[in-house]
Protein chains: 2
Amino acid sequence: MAVTLKDIAIECGVSYSTVSKALKDSPLVTEATKRKIKAKAEEMNYIPNNSARSLVSNKSHTIGLIWPAVDRVAITTLATQVNKALKQAGYFMAVSIDNPVTAASKFLELRFDGVIVFDEGEYTTLPDKITNNIPVIAYGVARKLPYPIINVHHDWAMKQAVDLLIEKGYQTIDYIGELHTKDIRQIVKKETIEKYCKEKQINFRLVDSGGLTEMATKQTIKEFLKTETLHGGIICGSYDITMGVLHHLDDLETKKTIVAYDNIKQFKSIEMPIYSVGVPAEQIAESLVKHLTRNIETDRKNKREVIDLFPTLQYHEKK
Amino acid sequence: MAVTLKDIAIECGVSYSTVSKALKDSPLVTEATKRKIKAKAEEMNYIPNNSARSLVSNKSHTIGLIWPAVDRVAITTLATQVNKALKQAGYFMAVSIDNPVTAASKFLELRFDGVIVFDEGEYTTLPDKITNNIPVIAYGVARKLPYPIINVHHDWAMKQAVDLLIEKGYQTIDYIGELHTKDIRQIVKKETIEKYCKEKQINFRLVDSGGLTEMATKQTIKEFLKTETLHGGIICGSYDITMGVLHHLDDLETKKTIVAYDNIKQFKSIEMPIYSVGVPAEQIAESLVKHLTRNIETDRKNKREVIDLFPTLQYHEKK
DNA sequence: TTGTAAGCGTTATCAG
DNA sequence: CTGATAACGCTTACAA
């Protein structure tokens, strides 16, 4: 079996509690013994047993990320950033693509220190049974939740988009997004467009993307274009939707203005100039990690709390 | 703190070992006591402590998946299938998108039962230090590795693709794939096309996709098409590459035959008829899980072993 | 059928 | 500075 503290202790002729201290660089051990012990540990390929550690210290230095919809590019970027931010904060990130309750339960059993959920509405809500026992933070749109959520102001984003298009002189705005869904983020975007355009007294049209993925959009928009035509001012509900729409717009490049929701670096590699409005993934990641680790380290109980993040508009030149 | 076996024992007026047994449905406990204990455990929201369990049993019933390149659709599908297969086999899957050695080391510390690596060549090779201590299985292309690898015969796939196009009467074959790479899978595909086409005395051309993602392909092929034109028989190196190529082929649908590598259900939703050649994700997943769990459960040492999987050709009608 | 007790690999407290 | 030792929550002989 694996090498334990005891094995090292025997090899070094010291007690295993000394080994424990030495490996943690405790000031209670001479430099000389420390060196000897560390060398031996390295040589014997000692791997600490997290189960034993966590049993006594109640810490695993591991955070679980719940990410059921693993196939959207924008979220991929966010996950990568969260991994990076957690690492910097001294935590390891373990992802589950299983259903949220299963994943969270297992994270609890594994005695992870905290949980991050990519919230998508009801489906991803964690029960009290779980959230009473482990610090949780969600990323999504503000809704009634007994744990904190990072709230990206999709409404704010949409308003900025509309304002920009008005300023550019467009008479009608086409919003392309997922229209038939229970995902609050999508609902907020759609409804904001509706309300705000009415308020600003500008014509608008809601065009269904048929889903959130590039492929769904590509197909749905293809059908749409058989009988209709897109106006010049276009707002796309997400990066993936934008990609699906762009599929059909190659030759129209300069005639239209596209404002896309999301804020990820991939926009920079798009073959036409484009505006995007969103909160940069790094910033979301940082915020998630900051709040979660604070709650862990001060072992604060989960409670309803909304952390607001405001999208900004960016222009990406033609590549 | 969390509820423990002891807490339940006290509430029920029994010893905690009885509780332990009852919750595992041991035949050594009366049905009546079992019922009482189980009800109490439920009521008190007992969550077993995996650290304690794993400390004594040396089992965590958790498998780590190492998946550094989280952004390719074909792999997403495989990951989902692996999760499903592991679940069925009684294991929980925890994913790391961190670098392979970091991820594997942490999996070891967490005393996971095994590790699956999506192998991509040197970068994803795990050192002996790790593989000597935990069952590992890789998914990729056969190469010298001290642990088992599921080997998908990319060469076989390419040969079938070429045969099909020859049979269909094409005089020249265009292979579109990542040409400049160290990823063995891509190299094998490219080189097989080269050799096999020469052998069959048919003209061929290697067209660079500029990467493995849809976006890279889309852009590179756009440039390509400014000066060149694609022949009628096309082989694409992957699903994502296919999507990037299709971007430019909308109106040519019926005139060309495309054979794409990979075998995932997404091909079914493509807007033109297409052939795909590959091993279905379910089958790869099943094979990975079968071999890994066998090695875990018989605690067999890792050793060089290549498990061959042969791609099959499939036709997907126009959607 | 139930209870007792040893032990899994650590950390942390307290004596030496 | 170093070494015993209790404790973490659980499983599993073995004893009652």
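Note on naming: letters A, B, ... go to the chains in the order of the sequence lines (proteins, then strands), and numbering restarts at 1 for each one.
The side chain of B:S15 contributes no N or O atom lying less than 4.0 Å from OP1 or OP2 of C:dT4. Within the 4.0 Å cut-off from OP1 or OP2 of C:dT10, not a single side-chain nitrogen or oxygen of A:S20 is found. Dashed line: the shortest gap from a side-chain N or O of B:S57 to OP1 or OP2 of D:dT11 is not under 4.0 Å. Side-chain N/O atoms of A:K21 include none lying less than 4.0 angstrom from OP1 or OP2 on C:dA12. Here B:T30 reaches the OP1 or OP2 of C:dT2: one of its side-chain N or O atoms lies under 4.0 Å away.
Residues B:N151 and B:I307 form no side-chain contact, since every pair of their non-hydrogen atoms from C-beta on lies 4.5 Å or further apart.
For A:V29, the side-chain atoms get nearest to D:dT2 when compared with the rest of C:dC8, D:dG3, D:dT2.
Terminal axes of the helix from C:dT1-D:dA16 to C:dG16-D:dC1 (five pairs each, C1' rotation axis) are separated by 50°, to the nearest 10°.
Distance check: A:N133 CG to A:F107 CZ gives 15.5 Å after rounding to the nearest 0.5 Å. In this structure, CD1 in A:I137 is found 10.0 Å from CD1 in A:I296, a value given to the nearest 0.5 Å. The CG atom of B:D113 lies 5.5 Å from the CD1 atom of B:I63; values are rounded to the nearest 0.5 Å.
Straight-line distance from the CG atom of A:N49 to the P atom of D:dC8: 18 Å, rounded to whole Å. Look at CD1 on A:I8: it is 11 Å from P on C:dT11, rounded to the nearest Å. Distance B:N58 CG to C:dT10 P: 11 Å, rounded to the nearest Å. Per the geometry, CG belonging to B:L5 stands 6 Å off P belonging to D:dT11, to the nearest Å. Rounded to whole angstrom, the span from the CD atom of A:E109 across to the C1' atom of D:dC8 amounts to 18 Å. Put simply, NZ on A:K59 is 18 Å from P on C:dT10, counting in whole angstrom units. The distance between atom OH of B:Y16 and atom P of D:dT11, rounded to the nearest whole Å, is 11 Å. Remark: P of D:dG9 and CG of A:L110 are 17 Å apart, rounded to the nearest angstrom.
When heavy atoms are screened at a 4.0 angstrom cut-off, B:S17 is found touching base atoms of the nucleic acid. At the heavy-atom level, A:T33 lies under 4.0 Å from the strands shown only through sugar-phosphate atoms.
Ion pairing of B:R185 with B:D119 is absent here, as no side-chain N (NZ or NE/NH1/NH2) approaches a carboxylate O to less than 4.0 Å.
Side-chain contact annotation: B:T62 with B:R111, donor-acceptor N/O pair under 3.5 Å absent.
Distance alone, capped at 3.5 Å, places no donor-acceptor pair between the B:T80 side chain and the B:L78 backbone.
Nearer to the 5' terminus of DNA chain D, by closest-nucleotide assignment, is the contact made by A:P27 (compared with the other of B:L55 and A:P27). A residue-by-residue look at A:K6 and A:L28 shows that A:K6 has its nearest nucleotide of DNA chain C further toward the 5' end.
The aromatic rings of A:H61 and A:Y91 lie tilted to each other, with the angle between the two planes from 30° to 60°.
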